[in-house]
Enquirer: 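There's a structure below that I have some questions on.
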Amino acid sequence: MTFLLLIFQGDEVPPPFMSFDATGFPPELLREVHNAGFSSPTPIQAQSWPIALQSRDIVAIAKTGSGKTLGYLLPGFIHLKRCRNDPRLGPTVLVLSPTRELATQIQDEAVKFGKSSRISCTCLYGGAPKGPQLKDIDRGVDIVVATPGRLNDILEMRRISLNQVSYLVLDEADRMLDMGFEPQIRKIVKEVPARRQTLMYTATWPREVRKIAADLLVNPVQVNIGNVDE
Ligand code: ADP
Ligand code: MG
């Protein structure tokens, strides 16, 4: 992995965490990271964790394989601990992802790293029966990872409430827009309270992505790792 360039834009950006110990993550979480065999945060994690932990909005532009998933999930776990919402009233953390495959991978990471913190997560995607997904929602989950199409269907059925969501992640935003999910994303975000933290991850930074970032994020810190394709 090579990281050619690292740029910040934003007010008073905190210094990066150079080690896992510097994060102040609770011991059960540090144990999971240690058990996974990771020796230090990836550049995107080192840079974005301190910003995310200050509850600030982030736009991160970084290539695949840079460790973005834990980049937003672990601060999401800390956010959950701070909120202490009742998951039966709806999720607190919502992650939107373009495909079933990617959404499932995110859920796997959330389950693996969240287990010892007793964090629950479910995944909502199309091409599969709704029944089991609705059952998980009814049982109550802290984190929902969803593709925009299926989540929108479930919202239209009024079978999920997003009014407890206060940590919203748009993963692979450029890909979601390429796949034509913009109308669904905008509808979903209308159901999420405005008082929230929003984190957007994208591999490229074209005009459409800038536009949706400008509409959905508030005073974000921009983190670029590697070359930025326009
Ligand atoms: P991205 O979403 O940026 O494409 P992922 O979040 O899927 O990348 O991470 C790629 C791989 O790197 C995954 O297998 C993940 O478990 C691993 N990984 C994440 N963080 C670290 C770390 N700090 N050290 C080593 N490997 C890591
Ligand atoms: Mg990813």
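Counting starts at 1 for both ligands and their atoms, in listed order.
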Enquirer: Flag atom 12 (O) of ligand 1 as yes if some protein heavy-atom distance to it falls below 4.0 Å, otherwise no.
Expert: no
Enquirer: Checking contacts now, so for atom 24 (N) of ligand 1, which I'm interested in, is there any protein heavy atom under 4.0 Å?
Expert: yes
Enquirer: Any N or O on T69 sitting closer than 3.5 Å to an N or O of ligand 1?
Expert: yes
Enquirer: Where the closest heavy atom to atom 17 (C) of ligand 1 is concerned, which of F38, Y72, F20 has it?
Expert: F38
Enquirer: Quick test of your reading of the model: are E208 and R175 salt-bridged, counting only N-O distances below 4.0 Å?
Expert: no
Enquirer: Quick check on the 6.0 Å ring-centre criterion: do F20 and F25 meet it?
Expert: no
Enquirer: Under 4.0 Å from any heavy atom of T42, which atoms of ligand 1 are there?
Expert: 20 (N), 21 (C), 22 (C), 23 (N)
Enquirer: Does S39 reach ligand 1 with a nitrogen or oxygen that is under 3.5 Å from one of the ligand's nitrogen or oxygen atoms?
Expert: no
Enquirer: Select one of side chain, backbone, both or neither to describe which atoms of K63 lie under 4.0 Å from any atom of ligand 1, heavy atoms only.
Expert: backbone
Enquirer: Quick one: pull up CG in D153 and NZ in K130 and give me the separation to the nearest 0.5 Å.
Expert: 5.0 Å
Enquirer: Quick one: do E156 and K187 make a salt bridge, cutoff under 4.0 Å?
Expert: yes
Enquirer: Do any N/O atoms on G67 end up under 3.5 angstrom from N/O atoms on ligand 1?
Expert: yes
Enquirer: Is it true that R196 and D57 make a salt bridge, defined as a side-chain N closer than 4.0 Å to a carboxylate O?
Expert: no
Enquirer: Taking NZ, NE, NH1 and NH2 as the nitrogens, is one of them in R159 or D138 under 4.0 Å from a carboxylate oxygen of the other?
Expert: yes
Enquirer: Which of the numbered atoms in ligand 1 are below 4.0 angstrom from a heavy atom of E109?
Expert: 16 (O)
Enquirer: Please state which protein non-hydrogen atom is closest to atom 19 (C) of ligand 1 and give its distance, to 0.1 Å?
Expert: Q45 NE2, 3.6 Å
Enquirer: Considering only heavy atoms of S40, which atoms of ligand 1 have at least one such atom less than 4.0 Å away?
Expert: 22 (C), 23 (N), 24 (N)
Enquirer: Between D215 and K211, is the closest basic N to carboxylate O distance under 4.0 Å?
Expert: yes
Enquirer: Can you tell me how far apart CZ (R186) and CD (E191) are? Round to the nearest 0.5 Å.
Expert: 15.0 Å
Enquirer: Looking only at N/O atoms, are G65 and ligand 1 under 3.5 Å apart anywhere?
Expert: yes
